[in-house]
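Only one structure is covered here, and it is reproduced in the block below.
Just so it is clear, the structure is predicted and the values come from calculations on it, not from any experiment. The figures here come from the full heavy-atom set of this structure, side chains too, leaving out hydrogens, waters and symmetry mates. Read the numbers this way: they start at 1 and go in the same order the structure lists the ligands and their atoms.
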Amino acid sequence: MIPFLDLKTINSKYRSELMEAAARVIDSGWYIRGLEVEKFERSFAAYCGTSNCVGVASGLDALVLTLRAWKLMGKLKDGDEVIVPANTYIATILAITENRLVPVLVEPDEETFNLCPNKVESAISARTRAIIAVHLYGRLAPMQEIASLAKINNLLVLEDSAQAHGAYLDGTRAGNWGHASGFSFYPGKNLGALGDGGGITTNDSELAATLRALGNYGSQEKYKNKYEGMNSRLDELQAAFLSVKLQHLDVENKHRQKIAELYSRRILNSMIKLPVSGADFDKELTSHTFHLYVIRTERRSALQEELHNAGVSTMVHYPIPPYSQQAFRTKLFASKKFPISTRIHREVLSLPISPALSKEDAEYVIEIVNQYRGQS
Ligand SMILES: *Cc1c(COP(=O)(O)O)cnc(C)c1O
């Protein structure tokens, strides 16, 4: 069986470094808000090219707290509109609704699965105050265009970089395109902890200070509470693990890109649409970190079953679009039509890809996919 994602194998590779990091934290006697978090925040900010990184408890919290900080800073208020792709993971939209802001869902570009600048521009209204760009599946959204639209219209840009640690274009990394960027360090992400974790990168020091306070009961000074904050902190143990894993991120991303290149050059089946064609692959060398390798096919369940029968695990990201989720049934956007996103949700299938997937395994997946004839 070829697993979809083998976290045990991924992390076993660094077992001695991780054990050493764990021992260091255990022996320090200091588990929250200490030197390990400081060190990881400093190195991840440097990696992204930003002046600040603030560790929090999860990727969702990174997004929720950033919007909340902007409200406290007077940059957003209840009822403001936030543009967001219709085909994202639900967390992106939860961050907006949680803050009593109004998500305005826009259809993605059908080729890249990411925001399309023209459609973003058409969605801007007098009440729009922010855009959340999601680097879906690890591919950078068109940030130059989005940044210039935001500048002209005086909008905030928040990146949802939960799937794109390390992606870069023209020397600028995911995390350094927007006014702020939310990251998840969930175990399965490209930079994954051994538990939950998240972080925000930004060049805005006032935002960073507000976020730090918000995640710590709204307190900047012990027992003095400036805001109605919450408890959302990256802990010392996860930060120590992340410092280990960060050192290997570029090599792991390169491995993902090699696997993706094999898939893109060798999958030849007219029933299957690739995320990047073999011919275009070189253009994507840095801006796509292939958190997921997502193909499209009209009869997805038949292909999924055929792969399963051949011992290959696949997944669907995501089976139900956010506007069809029960949680959002009373929202205005739940009654709108999103034909492109709906089609994408019906046709996408994620093939195995990870730092632990071997070239031989990828070649086997390619063989099965190439044999698929659309019936089963
Ligand atoms: C994983 C993910 C999140 C949420 O991160 P958690 O750490 O699981 O809270 C948000 N947005 C996207 C696009 C994600 O993939």
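Taking only nitrogen or oxygen atoms, main chain and side chain alike, Y186 does not reach within less than 3.5 Å of ligand 1. Between Q163 and ligand 1, at least one N/O pair is under 3.5 Å apart.
At the shortest separation from atom 11 (N) of ligand 1 among protein heavy atoms lies D160 OD2, 2.8 Å.
Residue-ligand proximity, L60 to ligand 1, at heavy-atom distances under 4.0 Å covers atoms 4 (C), 5 (O), 6 (P), 9 (O). Residue A91 approaches ligand 1 through these ligand atoms, each under 4.0 Å from one of its heavy atoms: 3 (C), 4 (C), 10 (C). Of all atoms in ligand 1, numbered sequentially from 1 with element shown, those under 4.0 Å from a heavy atom of A162 are 2 (C), 3 (C), 10 (C), 11 (N), 12 (C), 14 (C), 15 (O). Residue G59 approaches ligand 1 through these ligand atoms, each under 4.0 Å from one of its heavy atoms: 5 (O), 6 (P), 7 (O), 9 (O).
Considering H135, H317, K189 only, the shortest heavy-atom separation from atom 14 (C) of ligand 1 involves K189. For atom 7 (O) of ligand 1, the candidate residues are A193, S58, S184; the nearest heavy-atom contact is made by S184.
The two residues A123 and T128 have their closest heavy-atom pair at O-OG1, 3.9 Å. Here the shortest heavy-atom pairing between Q238 and A193 reads OE1-CB, 3.1 Å.
Y47 carries R173 over the face of its six-membered ring, with the cationic atom under 6.0 Å from the centre and within 45° of the normal.
Aromatic pair F44/F185: ring centres closer than 6.0 Å.
Look at E36 and R24 and you find a salt bridge, because one of the NZ, NE, NH1 or NH2 atoms lies within 4.0 Å of a carboxylate O, short of that distance.
Evaluated for a salt bridge (charged side-chain N to carboxylate O under 4.0 Å, His left out) with K273, the options E111, E347, E110 yield exactly one hit, E111.
At least one side-chain heavy atom of L115 sits less than 4.5 Å from a side-chain heavy atom of I131.
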